[in-house]
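We're numbering straight along the sequence, starting at 1. Indexing begins at 1, ligand by ligand and atom by atom, following the structure's order. None of these values were measured; they are calculated from a predicted model.
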Amino acid sequence: MADKYLNLVNSGWGKTTAKKLGLPKPAHLRRYRPGAPLVPGPVLVLGKTAAADGVAATLLGWDLDVRRHADPRGKYGAVILVLDEVAHPDDLAAPVLEAATAMKRLLPGGRAVTISRPAESDNDPATAAARQGVDGLLRSIAHELRGGATGNGILLEGGADAASPSVAGTLRFLLSGRSAYVDGQFLRVGGNDGAIPADWDKPLTGKVAVVTGAARGIGASIAGTLHRDGADVVVVDIPHAGEALAEVANGFHGTALQLDITADDAGDRILDHAMSRYGRLDIMVHNAGITRDKLLANMDESRWKSVLEVNIAAQLRINEQLLKSGKFAESPRIVSLASTSGIAGNRGQTNYATSKAGVIGMVRATAGRMPEGGTINAVAPGFIETEMTARMPFATREVARRLNSLQQGGRASDVAETISFLASDAAGGISGQVLRVCGQNLVGA
Ligand code: NAD
């Protein structure tokens, strides 16, 4: 559904009126287009460590205009703050204050990215304080940015090298328009796993992907995006949605599998279909999901059980069948749809929030059981413009749309871009995590 307010405040008199009245002024977000520049201007890399040098070298390798000192008159497409060696909160002052000068000069759709290490309980307390400090710093920067600019952080886990393929891949995702609606988030990038794709615009070439619930909405967008990025795609949905499903598949010469994912043998049937049509399966996207909202006081068995069955029990069964088969084994990827309701809870959604929190628990516990090179992650969308949210009452919808740092709802394509990134070889160092695609929603965690 079109966001008429966003269009209004970005046009002639609407712009002036919004400014005069102090109304929110959401910006048109910079979204990915194959072949478009990665960032809208020069990239400033701040930090004096070997990691900062490594990051600058990576960016130069991508032919970006890289600067190492903030020029008060410069304009920047991105500011990268490398803080991997901070050992005391005092160490933050100099780089952060240098970054402050540049933040004022960030171009519309720009990016602020921190690269640091996670605070662990066995760190020296001053080191842990400095590292955890970056968390508050980055999330506050993200709240302060305007003009569709976003701020996100990379946490180098377990000695990960800043020049590793996975760190490079994550940085590229965060700088690009693919992460337009990802804001105020941290991604832990571990080890030195992952691989740089031969073509950054076709990172899924040669892969076979399955997307459930793909007859419409976010699922259809995920399927189209995985195909655009080079994958062969199998779309799955209930037989009742067969016609719409066939249309989605025909849109990109994919194949359709009519299947209720709650069937006992759903995992085996998905695998049989992928093997017989394409001879392999690399990417499993669990997108199918349902809501049956009611206050807990009015909850009945059917509402509770159906939501838990579709949103989590079916995924557990499918994963078990895929992993047991031995055929889903060459650096496989599983990406599952959670929700911000599963993180913060939501009134009237005890069943849904339980199922989506369950997805997060499943993902964390399955990470260590994936075959070598394999990863599993969850994506938690916030307010996304879909048929579901178009049906919300006007006032509730308007409030929900504006209550995030980007002051607008996300698009199905924003969720799809994030899933495509997590499904790629370049995200090989990211596993067991939840990435929110919510524009830094102000409600909840
Ligand atoms: P949607 O209702 O538009 O589409 C869901 C699809 O799943 C439908 O095509 C439906 O037929 C299919 N499906 C349902 N049960 C199935 C089953 N048993 N077997 C196979 N297919 C089945 O939903 P959407 O808004 O596109 O959401 C997609 C996912 O994103 C869901 O998991 C949802 O919980 C999650 N999500 C959505 C939002 C949002 O704002 N729309 C926010 C957070 C999370």
Side-chain angles (χ1 to χ4, degrees), residues 1 3 181 210-225 234-249 256-267 269-270 273 284-293 305-318 335-346 349 351-360 362-363 378-392 396-397 400-401 403-404 408-416 418-419 434-439 441 443-444:
M1 180 178 205
D3 185 343
Y181 201 61
V210 170
V211 183
T212 67
R216 65 178 197 193
I218 295 174
S221 181
I222 297 168
T225 302
V234 179
V235 289
V236 176
D237 213 299
I238 47 173
H240 187 66
E243 212 170 300
L245 187 70
E247 235 173 80
V248 171
L257 172 62
Q258 293 186 14
L259 170 71
D260 184 329
I261 57 159
T262 63
D264 283 344
D265 60 349
R269 286 173 59 191
I270 285 171
H273 180 100
M284 178 72 222
V285 182
H286 293 295
N287 164 78
I290 58 170
T291 49
R292 299 286 183 269
D293 294 357
K305 284 196 168 166
S306 56
V307 169
L308 271 288
E309 181 59 20
V310 174
N311 293 4
I312 180 64
Q315 297 190 18
L316 286 164
R317 239 181 348 255
I318 291 171
V335 189
S336 188
L337 268 289
S339 163
T340 47
S341 296
I343 299 171
N346 201 13
Q349 289 201 314
N351 49 356
Y352 183 74
T354 303
S355 71
K356 294 298 187 180
V359 164
I360 294 170
M362 170 192 78
V363 156
V379 168
F383 181 95
I384 304 296
E385 305 280 358
T386 61
E387 283 174 40
M388 187 179 89
T389 48
R391 283 197 298 269
M392 288 166 84
T396 319
R397 186 173 64 237
R401 262 180 180 156
L403 276 182
N404 58 73
Q408 60 194 283
R411 294 185 189 164
S413 62
D414 296 325
V415 179
T418 301
I419 288 174
V434 188
L435 182 55
R436 291 171 57 157
V437 182
C438 67
N441 200 316
V443 181

(message) Tell me every residue that passes side-chain contact (heavy atoms from CB on, under 4.5 Å) with Ala416, counting only those two or more places apart in sequence or in another chain.
(response) Ser221, Ile222, Thr225
(message) Can you report which non-hydrogen protein atom sits closest to atom 7 (O) of ligand 1, along with the distance?
(response) Gly213 CA, 3.3 Å
(message) When you measure from the side chain of Asn441 to the backbone of Asn404, do you find a donor-acceptor pair of N or O atoms at a distance under 3.5 Å?
(response) no
(request) Can you sort out the partners of Arg411 under salt bridge (Lys or Arg N to Asp or Glu O under 4.0 Å), two or more places apart, ordered by chain and number? (result) none
(message) Please report whether ligand 1 has a polar contact with Arg216, defined as an N or O pair separated by less than 3.5 Å (distance criterion only).
(response) yes
(request) Would you check whether Gly382 reaches within less than 4.0 Å of ligand 1, judged by its heavy atoms? (result) yes
(message) Do Gln349 and Ser341 pair up side chain to side chain, a donor and an acceptor below 3.5 Å, judged on atom types alone?
(response) yes
(request) Mark the output for Asp237 as yes if a heavy-atom distance to ligand 1 is under 4.0 Å, and as no if none is. (result) yes
(request) Using a 4.0 Å heavy-atom cut-off, say whether Lys356 meets ligand 1 through its side chain, its backbone, both or neither. (result) side chain
(request) Please report which non-hydrogen protein atom sits nearest to atom 43 (C) of ligand 1, along with the residue it belongs to and the distance in Å to one decimal place. (result) Pro381 O, 3.5 Å
(message) Could you check whether any side-chain heavy atom of Leu337 comes within less than 4.5 Å of a side-chain heavy atom of Ile419, counting everything from C-beta outward?
(response) yes
(message) Check whether Arg397 reaches the backbone of Met392 with its side chain - one donor and one acceptor, N or O, closer than 3.5 Å.
(response) yes
(message) With a 3.5 Å distance limit and no angle check, can you tell me whether Arg317 reaches the backbone of Thr262 through a side-chain donor-acceptor pair?
(response) yes
(message) Could you identify the single nearest non-hydrogen protein atom to atom 40 (O) of ligand 1 and state the distance to 0.1 Å?
(response) Ile384 N, 3.3 Å
(request) Under 4.0 Å from a heavy atom of Ser339: give me the atoms of ligand 1 that qualify, with their elements. (result) 43 (C), 44 (C)
(message) Tell me whether Tyr181 contacts the main-chain N or O of Ser413 through its side chain, where contact means a donor paired with an acceptor under 3.5 Å.
(response) no
(message) Quick check: Ile218 and ligand 1, any N/O pair under 3.5 Å apart?
(response) yes
(request) Output the list of atoms in ligand 1 that are nearer than 4.0 Å to some heavy atom of Asp260, sorted by atom number. (result) 17 (C), 18 (N), 19 (N)
(request) Report yes or no: does a heavy atom of Glu387 sit under 4.0 Å from some atom of ligand 1? (result) no
(request) Report the nearest protein non-hydrogen atom to atom 31 (C) of ligand 1: residue, atom name, distance rounded to 0.1 Å. (result) Asn287 O, 3.2 Å
(request) Taking only heavy atoms of Tyr352 into account, list the atoms of ligand 1 that are under 4.0 Å away from them. (result) 33 (C), 34 (O), 35 (C), 36 (N), 43 (C), 44 (C)
(request) Give a yes or no answer on whether the side chain of Asn351 reaches the backbone of Leu308 with a donor-acceptor pair at less than 3.5 Å. (result) no
(message) Using modelled atom types and a 3.5 Å cut-off, is there a donor and acceptor pairing between side-chain atoms of Lys356 and backbone atoms of Ile312?
(response) no
(request) Kindly give the heavy-atom pair with the smallest separation between Ala214 and Asp237, and that separation in Å. (result) N-OD2, 3.3 Å
(request) Nearest 0.5 Å please: distance from the OG atom of Ser355 over to the CD atom of Gln315. (result) 8.5 Å
(request) Mind checking the CG-OG spacing from Asn311 to Ser339? Nearest 0.5 Å is all I need. (result) 9.5 Å
(request) Can you confirm whether something in the protein, heavy atoms only, sits under 4.0 Å from atom 23 (O) of ligand 1? (result) no
(request) Could you find the nearest protein heavy atom to atom 19 (N) of ligand 1 and give me its residue, atom name and distance? (result) Ile261 N, 3.0 Å
(request) Heavy-atom contacts with Ile290 under 4.0 Å: which atoms of ligand 1 show up? List them by number with element. (result) 14 (C), 15 (N)
(message) Against ligand 1, does Leu259 come closer than 4.0 Å with any heavy atom?
(response) yes
(request) Write out the residue and atom name of the closest protein heavy atom to atom 16 (C) of ligand 1, then the distance separating them to 0.1 Å. (result) Ile238 CG2, 3.8 Å
(request) Mark up the atoms of ligand 1 that fall under 4.0 Å of a heavy atom belonging to Gly217, in ascending order. (result) 26 (O)
(message) My understanding is that we take every heavy atom of each candidate and find the minimum distance to atom 5 (C) of ligand 1. Doing that for Gly289, Pro239, Ala214, Cys438, which one comes out nearest?
(response) Gly289
(message) Taking Glu247 first and then Arg216, would you say they form a salt bridge - that is, a charged N and a carboxylate O separated by under 4.0 Å?
(response) no
(request) Among all protein heavy atoms, pick out the one at the shortest distance from atom 39 (C) of ligand 1; state its residue, atom name and that distance to 0.1 Å. (result) Met388 CE, 3.6 Å
(message) Heavy-atom distances under 4.0 Å decide this one: backbone, side chain, both or neither, for Thr386 against ligand 1?
(response) side chain
(request) Output the list of atoms in ligand 1 that are nearer than 4.0 Å to some heavy atom of Ala338, sorted by atom number. (result) 44 (C)
